[in-house]
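Contents: one structure, followed by commentary.
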Amino acid sequence: MIILRNLRGDEFAVNCDLIETISENPDTTMLLTNGRVYIVKESMQEVIDKSIEYHRKIAKGDFM
């Protein structure tokens, strides 16, 4: 799970393995495999970087 912020600034966690597409138009919009759509404050690159870091932690066994 990665922590993101909605447009109001409220934080929420999303399972980054469910992200199907990310676009910037100009807000960052994510489409999940379950059909849900989220618009977040983070840039597309920030979401990608958080997802990569999450998977690195999993690969290292560093869950906390």
Side-chain angles (χ1 to χ4, degrees):
M1 303 285 272
I2 59 174
I3 305 299
L4 300 172
R5 294 173 295 139
N6 64 21
L7 294 181
R8 291 189 320 205
D10 299 327
E11 290 186 334
F12 67 100
V14 65
N15 182 342
C16 60
D17 292 330
L18 296 180
I19 299 172
E20 186 172 336
T21 62
I22 306 171
S23 61
E24 290 180 321
N25 49 320
D27 295 325
T28 305
T29 305
M30 300 183 313
L31 172 64
L32 304 188
T33 57
N34 61 10
R36 290 190 149 211
V37 174
Y38 291 97
I39 300 173
V40 297
K41 283 195 171 197
E42 289 77 9
S43 69
M44 180 177 1
Q45 191 59 54
E46 288 174 302
V47 175
I48 292 168
D49 291 345
K50 286 180 180 234
S51 297
I52 290 169
E53 182 59 29
Y54 168 78
H55 284 101
R56 281 187 182 144
K57 286 182 178 182
I58 296 298
K60 288 173 43 179
D62 182 17
F63 305 123
M64 295 295 181

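Computed from heavy atoms alone, side chains included, the values below leave out hydrogens, waters and symmetry copies.
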Query raised in the report: So do the side chains of T28 and S23 get within less than 4.5 Å of each other, counting heavy atoms only?
Result: no
Query raised in the report: Which residue pairs pass the ring-ring contact (aromatic ring centres under 6.0 Å, His included) test with at least one member in residues 8-55, sequence neighbours excluded?
Result: F12-Y38
Query raised in the report: Given the rule that I, L, V, M, F, W and Y join up when any side-chain heavy atoms are under 4.5 Å apart, are V47 and M1 in one cluster?
Result: no
Query raised in the report: Taking it one step at a time, do E53 and D49 satisfy side-chain contact (heavy atoms from CB on, under 4.5 Å)?
Result: CA-CA 6 Å; E53 182 59 29; D49 291 345; over 6 Å; no
Query raised in the report: Would a 4.5 Å heavy-atom cut-off, applied to side chains only, mark M30 and V37 as touching?
Result: no
Query - Backbone of L31 reached by a side-chain donor or acceptor of E20 within 3.5 Å - result: no
Query raised in the report: Of E11, K50, E46, K41, which is the lone residue that meets side chain to side chain contact (heavy atoms under 4.5 Å, CB included) with L4?
Result: K50
Query raised in the report: Are L32 and I3 connected, step by step, through hydrophobic side chains (Ile, Leu, Val, Met, Phe, Trp, Tyr) whose heavy atoms are closer than 4.5 Å?
Result: no
**Report entry** Note, N6 side chain near I39 side chain (heavy atom, < 4.5 Å)
**Finding:** no
Report task. Output the distance between atom CD (Q45) and atom CD1 (I22), rounded to the nearest 0.5 Å. Result -> 9.0 Å
Query raised in the report: Mind checking whether V14 and I58 sit in one hydrophobic cluster, side chains of I, L, V, M, F, W, Y counted as touching below 4.5 Å?
Result: yes
Report task. Mind checking the CE-OG1 spacing from M44 to T21? Nearest 0.5 Å is all I need. Result -> 10.0 Å
